[in-house]
Amino acid sequence: MTIKHTSVTALAIVGLLVAGTSCKDDHNDTGREFAPQMYDAVGYEPYRQVRENTINPYGLNMRDPARGTVARPNYHTTFGTGDSATTDLMIYNIPKDSLGLAERILTNPIAQTDKTLEEGKILYGRYCIHCHGEGGKGDGLVGKQYKGVPSYSADAYKTMNDGHIFHVITHGKGRMWPHGSQITPEERWKIVQYVHKLQQG
């Protein structure tokens, strides 16, 4: 009986010690984590890990890109040769609600050639034809469902300039969704060239 009483007493003392040490009046003490996986991911994370990575620089799981890697999208494609070479495609930062500004200041930096016009036609077929139709009349299969897709060769649409078209491709307008995340600036400018051809009817 004494042994049992001693065991109960010992357990009670241990319980009091644990309770006394775990309940501190310290606001900086976060206590014990009973489910650490809820705080630290089990899978690899690029910028940190629960246990320090001693192999990679700075202890990160993420590695530096291989030398010569080109970031996508590439906003700095060079056009032209010699003194006329330009990389002026702009990292496009004109806000969505500034269509008038785009109309005033943007001009197509890509010189129009048969090659760029043909590339613009291909890109138009890939991204635009389903709504705007083959001839730019707003009669694409999806455009018929949307209803109200304009014809490029009618009313004010036949005078839309480079900046207007580029801005609308980038940010969208009305029912047209933005395509800036899908189409690089270079590709957008080539589509602009082809849209100008469709404006002529």
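Bear in mind the structure is a predicted one, so any value in this text is a computation, not a measurement.
Closest approach of Ile169 to Arg188, counting heavy atoms only: CG2-CG, 3.4 Å.
The side-chain contact (heavy atoms from CB on, under 4.5 Å) test applied to Ile122 returns Glu118, Arg126, not counting sequence neighbours. Residues passing the side chain to side chain donor-acceptor pair (under 3.5 Å) test with His164 are Glu103, sequence neighbours excluded. Among residues two or more places apart in sequence or in another chain, the ring pair (Phe, Tyr, Trp, His ring centres under 6.0 Å) test is passed with Tyr124 by Tyr194. With sequence neighbours left out, the side-chain contact (heavy atoms from CB on, under 4.5 Å) criterion links Thr113 to Lys115, Thr116. Under the rule for a side chain to side chain donor-acceptor pair (under 3.5 Å), Gln182 has no partner lying at least two apart in sequence or in another chain. Residues forming a salt bridge (charged side-chain N to carboxylate O under 4.0 Å, His left out) with Lys147 (at least two apart in sequence, or on another chain): none. With sequence neighbours excluded, no residue forms a side chain to side chain donor-acceptor pair (under 3.5 Å) with Asn108. Residues satisfying the side-chain contact (heavy atoms from CB on, under 4.5 Å) criterion with Lys158, sequence neighbours excluded, are absent altogether.
In this structure, Arg175 CZ and Cys131 SG are separated by 10.5 Å, a value rounded to the nearest 0.5 Å. Taking NZ of Lys121 as the start and CG of Leu123 as the end, the distance is 12.5 Å to the nearest 0.5 Å.
Contact check for Val195 versus Ile191: side-chain heavy atoms found under the 4.5 Å cut-off. Contact annotation: the side chain of Leu106 approaches that of Trp189 to within less than 4.5 Å [non-hydrogen atoms, C-beta and beyond]. Side-chain contact check for Ile94 versus Thr170: every heavy-atom pair is 4.5 Å or farther apart.
For the pair His167 (side chain) and Asp162 (backbone), a donor-acceptor distance under 3.5 Å is absent. Of the possible donor and acceptor atoms, none in the side chain of Ser98 sits under 3.5 Å from a partner among the backbone N and O of Leu101.
In this structure, Tyr157 places its OH atom where only 12 or fewer heavy-atom neighbours from other residues, nucleotides or ligands lie under 6.0 Å away.
A donor atom on one side chain and an acceptor atom on the other are not found under 3.5 Å apart for His196 and Gln193.
Sorted by first and then second residue, the ring-ring contact (aromatic ring centres under 6.0 Å, His included) pairs involving residues 98-122 (not counting sequence neighbours) form an empty list. Applying the side-chain hydrogen bond (donor to acceptor under 3.5 Å, both in side chains) test to residues at least two apart or on different chains, the pairs with a partner in residues 128-139 are His132-Tyr152, Lys137-Ser153.
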Note to self: Between Thr184 and Lys190, does the side-chain contact (heavy atoms from CB on, under 4.5 Å) criterion hold? Intermediate values first, please.
What the structure shows: CA-CA 10 Å; Thr184 67; Lys190 289 175 181 177; over 6 Å; no
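Through chains of ILVMFWY side-chain contacts below 4.5 Å, Val142 is grouped with Tyr146, Val149, Trp177.
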